[in-house]
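For reference, the structure discussed in these notes is given below.
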Amino acid sequence: MERDTRRRRPEEPERRPAPQRRRRNKRSPLSNSMLYIVMVCAVSIVLAAVGWSLANDMLALNKDKVTATIVVDDENDFGSVVDQLKDNDIIKYKGLFRLFSALSGGSDKIAQGSYLVDTDMDYRAILNSLGSGSSSRVEVSVTIQEGLTVRQIFELLEKEGVSTVEKLNDMAANHDYAFSFLEDIPLGDPNRLEGYLFPDTYNFYMGEDPKYVINKMLVNFDSKVDDSMRQKIADKGYTIQELLTVASMIEKETDGTDRTTIASVIYNRLNNPGAGTAGYLQVDATIQYVLPEGEIVSEEDYQTVNSPYNTYLNKGLPPGPIANPGLESIMAALNPESTNYYYYALGDDGVHHFFTSYSEHQAFLNS
């Protein structure tokens with residue numbers, strides 16, 4: 001074998017074998033397409049699930065049955081309404097409900113009141129149910145007994161959920177109701193309506209605007225004490241306020257059977273100041289009107305209660321009605337029995353006994 005006898009020239013560099021390059025693993029187009037499809041499907045499934053959940057909430061689909069009472073205290077506080085709907089599980093997504101309400105204008109239609117809603121209602125039905133004409137408004141029947149004061153009536157209405165004492169007092173004191181019988185009564189005191197809140201059974205919406213609550217009772221009074229009755233009152237020389245004051249005392253004093261007889265005693269004292277009572281009505285109920293709730297009138301109160309309603313210290317009628325009388329007491333004040341009685345006292349038999357003189361009255365009390 002022949003040897004390679006060629007020699008490398010000194011200036012010629014040493015030859016080395018070229019390095020081999022590593023081959024990169026390239027993903028096939030098919031693999032890329034599959035990954036993209038998987039990602040798209042995953043995102044679509046997520047979006048579909050979210051969209052389905054949102055649609056279920058908005059359209060009232062697949063919801064557990066829940067019923068709740070939603071109270072709208074202020075038409076301008078839509079946020080409170082949304083919070084109540086969420087807290088009571090009527091809706092799941094407050095943001096979506098707000099957006100739907102804004103786009104549909106539904107939030108502008110809500111009215112003060114209490115409303116019964118449930119999860120069978122979609123967003124549009126919920127918004128429609130919160131309006132003043134809604135059949136979902138919760139109604140309550142309230143019976144206002146004869147002889148209750150303004151304060152007692154307002155406390156009853158608050159207890160029944162119609163409105164609050166604070167709101168009713170504010171509206172009674174400061175709203176100028178358009179009735180002729182209130183024209184001469186100044187604003188500023190809720191008791192200005194004493195005597196005019198007609199006792200009856202009323203249907204009110206829970207959470208109703210207090211202005212309409214009071215107006216409903218005043219409208220009833222206006223229809224009961226009509227023009228012909230007002231003319232009879234004027235013919236007797238009394239104002240409506242004065243006659244209601246007499247009627248309210250009758251209402252607070254009667255045992256239910258003696259209204260016209262008690263009326264005769266009051267008028268006998270009023271119209272005969274020279275008689276034994278010297279024009280003092282001396283009606284305990286007028287003092288009771290200014291005492292704290294539950295406090296009983298004592299003989300000491302006759303001389304110590306410093307109020308124009310103290311008819312033991314002040315002659316004539318008190319400044320105004322001491323309660324809200326019913327129609328029977330109003331009619332009794334308008335048509336009193338004709339008697340010579342100046343005194344009466346409640347007997348052990350539960351009825352009033354009437355007397356013409358103080359000595360007869362005292363003898364009965366001492367018997």
Side-chain angles (χ1 to χ4, degrees), residues 35-144 154-168 171 201-213 216:
L35 180 60
Y36 178 74
I37 291 172
V38 170
M39 292 180 63
V40 170
C41 288
V43 172
S44 299
I45 291 171
V46 172
L47 291 177
V50 172
W52 180 249
S53 181
L54 293 174
N56 282 348
D57 198 48
M58 186 167 65
L59 301 176
L61 303 174
N62 303 313
K63 287 185 173 183
D64 294 333
K65 182 66 175 181
V66 177
T67 301
T69 299
I70 305 302
V71 179
V72 182
D73 287 325
D74 186 345
E75 292 91 338
N76 298 318
D77 188 11
F78 187 63
S80 172
V81 173
V82 177
D83 289 341
Q84 290 180 68
L85 291 170
K86 177 67 169 64
D87 293 342
N88 287 282
D89 296 324
I90 302 299
I91 63 172
K92 290 179 65 176
Y93 304 107
K94 294 198 295 185
L96 181 63
F97 187 80
R98 285 178 179 275
L99 177 62
F100 181 90
S101 303
L103 293 176
S104 65
S107 58
D108 299 328
K109 300 175 183 177
I110 66 171
Q112 192 169 354
S114 294
Y115 304 88
L116 200 64
V117 298
D118 58 53
T119 46
D120 288 335
M121 296 177 174
D122 60 20
Y123 281 8
R124 186 176 298 278
I126 292 172
L127 289 168
N128 289 338
S129 73
L130 300 176
S132 58
S134 168
S135 60
S136 298
R137 296 189 78 181
V138 181
E139 200 171 35
V140 60
S141 178
V142 180
T143 297
I144 297 174
F154 289 173
E155 288 174 350
L156 174 61
L157 291 172
E158 180 176 81
K159 179 182 177 182
E160 295 293 339
V162 177
S163 187
T164 66
V165 170
E166 181 181 4
K167 290 179 180 179
L168 289 163
M171 199 57 62
T201 296
Y202 295 91
N203 288 327
F204 296 113
Y205 289 116
M206 293 182 66
E208 190 167 12
D209 187 326
K211 177 173 65 177
Y212 300 128
V213 174
K216 181 177 273 192

Which pair of non-hydrogen atoms, one from [X] and one from [Y], has the smallest distance, and what is that distance?
X    : Y    : result
S129 : Y115 : O-CD2, 2.9 Å
S134 : N128 : CB-O, 3.7 Å
V138 : L116 : CG2-N, 3.8 Å
E158 : V165 : OE2-N, 3.0 Å
I91  : K86  : O-CD, 3.5 Å
Q112 : R137 : O-NH2, 2.8 Å

Going by the angle between their ring planes, with limits at 30° and 60°, are F97 and F78 parallel, tilted or perpendicular?
->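 The rings of F97 and F78 lie parallel, inter-plane angle below 30°.
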
Which residues satisfy the salt bridge (Lys or Arg N to Asp or Glu O under 4.0 Å) test with K63, sequence neighbours excluded?
->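 Partners of K63 under the salt bridge (Lys or Arg N to Asp or Glu O under 4.0 Å) test: D57.
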
By salt bridge (Lys or Arg N to Asp or Glu O under 4.0 Å), which residues pair with D108, not counting sequence neighbours?
->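 Expected list: none.
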
Would you indicate whether the side-chain heavy atoms of [Y] and [X] approach each other to under 4.5 Å?
X    : Y    : answer
V142 : L157 : yes
M171 : S163 : no
I90  : V66  : yes
S80  : D73  : no

Just how far is it from atom [atom1] of [X] to atom [atom2] of [Y], taken to the nearest 0.5 Å?
X    : Y    : atom1 : atom2 : answer
D118 : D89  : CG    : CG    : 13.0 Å
T119 : L85  : OG1   : CG    : 11.5 Å
S101 : R124 : OG    : CZ    : 10.0 Å
L99  : Y93  : CG    : OH    : 14.5 Å
L168 : E208 : CG    : CD    : 10.5 Å
I126 : I110 : CD1   : CD1   : 13.0 Å

For E166, look at atom CD and say whether over 12 heavy atoms of other residues, nucleotides or ligands are found less than 6.0 Å away.
->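 No, CD of E166 has 12 or fewer neighbouring heavy atoms, counting only those of other groups under 6.0 Å.
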
Keeping the roles fixed (side chain from S114, backbone from M206), state whether a donor-acceptor pair exists under 3.5 Å.
->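 Judged by distance alone, yes, a pair lies under 3.5 Å.
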
Return the set of residues passing side-chain hydrogen bond (donor to acceptor under 3.5 Å, both in side chains) with D120 (not counting sequence neighbours), or none when no residue passes.
->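 By the side-chain hydrogen bond (donor to acceptor under 3.5 Å, both in side chains) rule, D120 matches K65.
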
Start with the C-alpha gap between V71 and Q84, add the side-chain angles, then the distance that decides, and say whether side-chain contact (heavy atoms from CB on, under 4.5 Å) holds.
-> CA-CA 8 Å; V71 179; Q84 290 180 68; 4.1 Å; yes

Hey, which of V213, I144, T143 is the one that makes side chain to side chain contact (heavy atoms under 4.5 Å, CB included) with Y202?
->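 Only match with Y202 under side chain to side chain contact (heavy atoms under 4.5 Å, CB included): I144.
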
